[in-house]
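Heavy-atom basis, side chains included; hydrogens, waters and symmetry copies ignored. Note that the structure is a prediction, hence the values are computed from the model and not measured. Letters A, B, ... mirror the listed sequences (proteins, then strands); counts begin at 1.
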Amino acid sequence: MSVVLLGPLDDRSLVGVEVARLRGAGRVGLITAGWQEWEDQDHWLREAVGGAVVNLELYRRAETVWAHDREFAEAHAALQHRVRLLRRAYNARLERAMDAWIALERWHGDEGVLADEREAARSAVADLDRHHLDRIGEFRGEFDARWRPTERELVARERHAVAGLLDGVDVVVVAGGHVPLLLNRLRLFDLAPLLEGRHVVAWSGGAMALTERIVLFHDSPPWGPGHAEVGEVGLGRVPGVVALPDGRRRLRLDDPGRVGRMARRFAPDACLVLDPGARAEWSRNGWSVGQALRLAPDGAVAPARDVA
Amino acid sequence: MRWVPEAPEATAGTPPDVEGLAIESLVRAAAAGAPPDGGAVDAFLEGRDVPVVEGSRVTFLYRGTADDVRLRHWVYGLPTEGSLHRLPGTDLWYDVLDLPEGSRMEYKFEVVRGQDVEWIHDPLNPHLARDPFGANSVCHGAGYSVPEWTLPDPAAARGSLEDRVFRSRALGGARRVTIYRPARFRKTRRYPLLLVHDGGDYLAYAGLQTVLDNLIHRLEIPGLIAALMHPPDRMEQYRGSEAHSRFLVEELIPDLERSLPLRGTPASRCLMGASLGAVATLSTAVRYPRTFGHLLLQSGSFAFSDIGGHGRGPVFDPIAEFVNDYRRSPGKVADKVFVSCGMYESLIYENRSLVPVLERTGMDVRFVEARDGHNWENWRDRLREGLSWLLPGPLWLVYD
């Protein structure tokens with residue numbers, strides 16, 4: 001089964017091209033939960049994909065669960081509150097760790113001394129990233145063990161309905177949008193097993209959700225520069241890549257220092273820039289990459305001929 | 001050494017150094033007794049942006065018969081009644097100012113003909129900035145350009161405006177408030193609330209609707225509902241009036257939170273204003289601490305008199321009383337405060353003085369200075385940084 005990752009769909013027909021290449025006689029399933037309340041505004045996507053299409057409506061289904069299972073909704077809100085606090089703590093530590101790393105990178109002196117210190121600073125950032133994901137994993141593990149979401153009546157009912165809709169679907173399209181919210185819906189209804197055995201075409205935020213590790217990033221937000229942060233563990237449908245949609249706009253690719261740090265921070269995963277028109281396909285034959293760029297440890301940005 | 005021409009006839013003051021400037025050749029010719037004729041002046045002006053900005057030096061030009069032409073601007077610290085110099089033998093008047101990079105300056109010409117004195121826009125400069133008192137000509141210094149996010153973006157869907165009238169017991173009468181709803185508004189969603197003093201002026205002179213549409217479209221601020229106030233008497237209400245604060249917090253906000261899908265938490269409320277509107281913002285937050293999570297204060301008229309007098313006339317006395325009290329006993333009234341002020345305003349001193357007072361309370365404070373004056377386009381140009389810092393949008397989380 002193939003998983004195709006795309007950049008932003010400046011050319012909306014691209015998603016149709018990928019789906020047409022992969023689909024058999026079955027229907028196409030849509031996941032547009034990242035669009036939140038506007039999940040159902042999928043007319044253009046249905047048109048681009050063509051043929052029989054069904055939207056899984058994960059956002060609406062989650063809203064139904066929250067509205068009617070108040071106890072569970074409150075527990076989930078409390079979990080989210082804890083995750084937000086954890087994120088604040090992570091960012092407070094990350095800012096200092098990144099600043100230290102950046103400062104050491106700018107120092108000049110005895111490389112016999114500084115090289116090891118720089119590596120230690122990089123390693124401290126990578127450890128912090130790992131720690132953050134581990135902590136989120138702990139929180140979610142505790143929540144799942146306590147509340148067993150897929151065994152709750154409403155969640156089970158909605159998941160059963162989704163499984164029914166997926167019957168006869170051979171390609172699932174995952175749209176971009178709000179990544180944490182999309183991921184929460186995918187996790188709530190435990191979509192990963194339901195996607196097994198099906199081709200997936202995903203763009204931007206949808207592509208991020210399918211990776212093992214979601215990295216949130218923007219080098220030049222209007223409120224001042226920040227550091228990329230690991231957001232969540234993704235569905236892990238594709239291995240070894242950090243998906244960076246719209247990187248040419250969101251990243252300072254002309255700054256070798258930033259580019260190199262990002263590549264080294266997330267190594268051994270490949271930092272894959274998915275700009276409009278870019279595609280990367282994961283199948284049993286491994287990665288096949290078209291037009292995507294890859295960040296290199298030395299600060300270069302080059303076509304990603306391979307990912308391994 | 002720079003070449004300075006002989007003082008031209010009929011104007012007082014030392015003529016400016018024009019070496020290396022576009023106008024140099026005309027000034028040299030006139031000084032040599034061969035003033036340019038009308039055709040040469042026409043040719044000089046043809047296709048040229050006026051004022052002529054050459055690095056940090058700006059040449060202001062006026063053409064016409066007059067007894068005197070003065071440059072009137074509002075750059076605090078620079079003399080504002082200096083006369084332009086008439087190029088001998090011509091009807092072209094000029095002066096050169098140093099204007100640091102990134103500056104923006106509003107001005108008028110005062111043209112004197114006999115007993116007649118007239119303040120006019122620069123006839124050679126099409127750029128105007130409007131305000132409640134009319135309009136001024138605008139000089140864009142080197143490196144300044146109108147921010148593109150202040151201009152209508154065809155890709156950004158427009159929000160809507162709706163006028164409402166509120167009955168206020170606190171203020172004793174009706175008050176008009178314009179409600180801004182973001183594009184793609186959904187009743188099922190809960191929105192943050194932005195309350196804007198002088199909201200009508202922000203709409204008319206600072207392009208607030210376009211700015212909100214654009215920043216929301218770019219995910220730099222969240223979709224939000226804004227309540228834009230139209231004070232019938234801002235000089236009274238916005239000088240720290242207790243009745244105004246009561247209207248805002250005890251009448252307007254509860255009404256809005258009943259009738260609109262608002263989050264209704266301090267963290268989701270932002271109160272803002274410029275000039276006296278900033279005084280009204282801070283004084284309301286002080287009277288009702290922790291009601292607003294975020295404050296945006298632009299060029300606040302924060303006069304104080306605990307060190308000497310405020311020197312701004314009796315109309316500022318109640319403001320000075322409030323600011324003196326707050327300086328004496330500052331409190332944490334919100335979580336984040338964004339303060340901006342123009343470096344060319346007389347109020348820069350008061351605003352700089354306020355920042356450490358705010359910081360000492362433990363509030364998260366960001367202070368931004370701009371090379372601009374006390375005007376609506378200065379306030380417009382700071383909105384992106386201020387609003388996106390106070391109410392960051394989902395830019396970090398959304399990948400379309």
K.L.:
Would the number of heavy atoms belonging to other residues, nucleotides or ligands and lying under 6.0 Å from CD of A:Gln80 be above 12?
P.N.:
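Atom CD in A:Gln80 is packed in, count exceeds 12.
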K.L.:
Using non-hydrogen atoms only, which part of B:Arg366 is less than 4.5 Å away from chain A: side chain, backbone, both, or neither?
P.N.:
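Contact with chain A: side chain only.
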K.L.:
Side chain, backbone, both or neither: which part of A:Ala207 has a heavy atom under 4.5 Å from chain B?
P.N.:
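When you check distances to chain B, no heavy atom of A:Ala207 falls under 4.5 Å.
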K.L.:
With a 4.5 angstrom heavy-atom cut-off, which part of B:Arg189 approaches chain A: side chain, backbone, both or neither?
P.N.:
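Backbone plus side chain of B:Arg189, per the 4.5 Å heavy-atom cut-off to chain A.
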K.L.:
Select one option (side chain, backbone, both, neither) describing which atoms of A:Gln36 are under 4.5 Å from chain B's heavy atoms.
P.N.:
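Side chain only.
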K.L.:
Counting heavy-atom pairs closer than 4.5 Å to chain B, which one of A:Ser204, A:Gly176, A:Pro8 comes out on top?
P.N.:
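Most heavy-atom pairs under 4.5 Å with chain B: A:Ser204.
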K.L.:
CG of A:Leu253 to CG of A:Leu293: how many Å apart, nearest 0.5 Å?
P.N.:
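A:Leu253 CG to A:Leu293 CG: 7.0 Å, rounded to 0.5 Å.
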K.L.:
Count the heavy atoms belonging to other residues, nucleotides or ligands that lie under 6.0 Å from CD of A:Gln41, then report whether that count exceeds 12.
P.N.:
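Yes - once you tally the heavy atoms of other residues, nucleotides and ligands closer than 6.0 Å, there are more than 12.
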K.L.:
Can you confirm whether or not the ring centre of A:Phe217 sits under 6.0 Å from the ring centre of B:Tyr399?
P.N.:
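Yes, they do, as the ring centres are separated by less than 6.0 Å.
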K.L.:
Taking atom CZ of A:Arg140 as the centre, report whether more than 12 heavy atoms of other residues, nucleotides or ligands fall under 6.0 Å from it.
P.N.:
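Enclosed.
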